[in-house]
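Read the structure below first, then the notes.
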Amino acid sequence: PYAVTVEALAAPARGTAWRRGMAEPRALHGWASLVRTRHGACEHDVSARRLDLHGRGPRGSALLVHHRAADGTSRAWLGWRLGDASLHATTHLTVEVDAAPASDDAHGGYPVPTALRWTGPELEGEAALKSPQLSIDPVDALPRLVQMLYSLRSRPRRIWAAAEMELRLK
């Protein structure tokens, strides 16, 4: 089974980012969520796509994880916190994903979502995604031989985009 555990939701964070091609590291500060997923098989055997949508505003924070399995089924998890209250979570959601056509080689030919809408017994919401700000192939960091072997079975892609998210409690 595919399990999601949220270790932190919109926690204050500081760090340094340095990527190949950057002249020097860049200090970062803001908010971060720490999400751990577990499954019994290799990720490319169980996952076709995973979307993590993080939202933080003056009233609280939220995280939506939408997973589409390799067999076409999907499931979602939504966690939210209003102010400093405890974390609420639900898996009773229906999620619709609007995706642009897969034509942009800058993103490895992957369709990048343009919007998400979700509804459940306790809440509903939507998010409009803006154009991607960063797109990488996580396999690039591996040695060439490992890259070649990995590419025979999978084409992973990590894409980050800004989004405007709205969550409404019923």
Side-chain angles (χ1 to χ4, degrees), residues 1-19 22 25-40 43-44 46-70 73-100 104 106-108 110-138 141 156-170:
Y2 194 86
V4 174
T5 304
V6 175
E7 303 291 342
L9 177 63
R14 294 184 182 278
T16 304
W18 193 10
R19 187 179 162 177
M22 292 175 62
R26 181 176 179 187
L28 303 172
H29 64 280
W31 304 89
S33 296
L34 180 60
V35 181
R36 182 175 43 152
T37 54
R38 295 176 310 283
H39 36 79
E43 189 165 12
H44 59 76
V46 296
S47 294
R49 179 185 66 207
R50 178 176 146 191
L51 301 171
D52 292 14
L53 182 64
H54 303 261
R56 183 172 182 283
R59 293 183 43 218
S61 51
L63 168 65
L64 172 69
V65 178
H66 182 259
H67 175 253
R68 189 178 71 209
T73 60
S74 64
R75 70 185 95 201
W77 180 95
L78 178 70
W80 71 95
R81 178 178 290 137
L82 297 175
D84 290 333
S86 60
L87 177 68
H88 301 276
T90 185
T91 56
H92 302 289
L93 294 170
T94 301
V95 178
E96 295 176 33
V97 179
D98 294 344
D104 189 355
H107 306 298
Y110 285 91
V112 177
T114 56
L116 288 94
R117 284 175 298 288
W118 58 90
T119 186
E122 302 175 62
L123 46 84
E124 61 188 9
E126 61 219 12
L129 280 69
K130 300 177 182 176
S131 55
Q133 298 173 335
L134 178 63
S135 177
I136 65 168
D137 180 347
R157 197 79 196 162
R158 297 227 166 114
I159 301 170
W160 287 265
E164 292 181 12
M165 181 179 190
E166 183 178 350
L167 178 65
R168 296 176 298 279
L169 299 177
K170 292 182 179 178

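Since this is a predicted model, take the numbers as computed values, not measurements. Residue numbers start at 1 and run along the sequence shown.
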**Message:** As a test of understanding, state which of His92, Lys170, Arg168, Glu126 forms a side-chain contact (heavy atoms from CB on, under 4.5 Å) with Thr119.
**Reply:** Lys170
So do [Y] and [X] actually touch side chain to side chain, heavy atoms under 4.5 Å?
X	Y	value
Val95	Ser74	no
Leu53	His66	no
Val65	Leu63	yes
Leu129	Thr114	no
His54	Met165	no

**Request:** In sequence, state the C-alpha distance, the side-chain angles, and the governing distance for Thr37 and His67, and then conclude on side chain to side chain contact (heavy atoms under 4.5 Å, CB included).
**Result:** CA-CA 11 Å; Thr37 54; His67 175 253; over 6 Å; no
Under 3.5 Å, which donor-acceptor pairs do the side chains of residues 7-18 form with other protein atoms, sequence neighbours left out?
residue : atom : partner : partner atom : Å
Glu7    : OE2  : Arg36   : NE           : 3.3
Glu7    : OE2  : Arg36   : NH2          : 2.9
Trp18   : NE1  : Met22   : O            : 3.3

Distance (rounded to the nearest 0.5 Å) between [X] [atom1] and [Y] [atom2]:
X	Y	atom1	atom2	answer
Leu64	Trp77	CG	CH2	9.0 Å
Arg50	Arg75	CZ	CZ	12.0 Å
Arg81	His88	CZ	NE2	9.0 Å
Trp80	Glu122	CH2	CD	4.5 Å

**Asked** If you measure only the distance, is there a donor-acceptor pair under 3.5 Å linking the side chains of Arg56 and Ser33?
**Response** no
**Asked** What residue pairs, at least two apart or across chains, pass salt bridge (Lys or Arg N to Asp or Glu O under 4.0 Å) with a residue in residues 111-121?
**Response** Glu96-Arg117, Asp98-Arg117
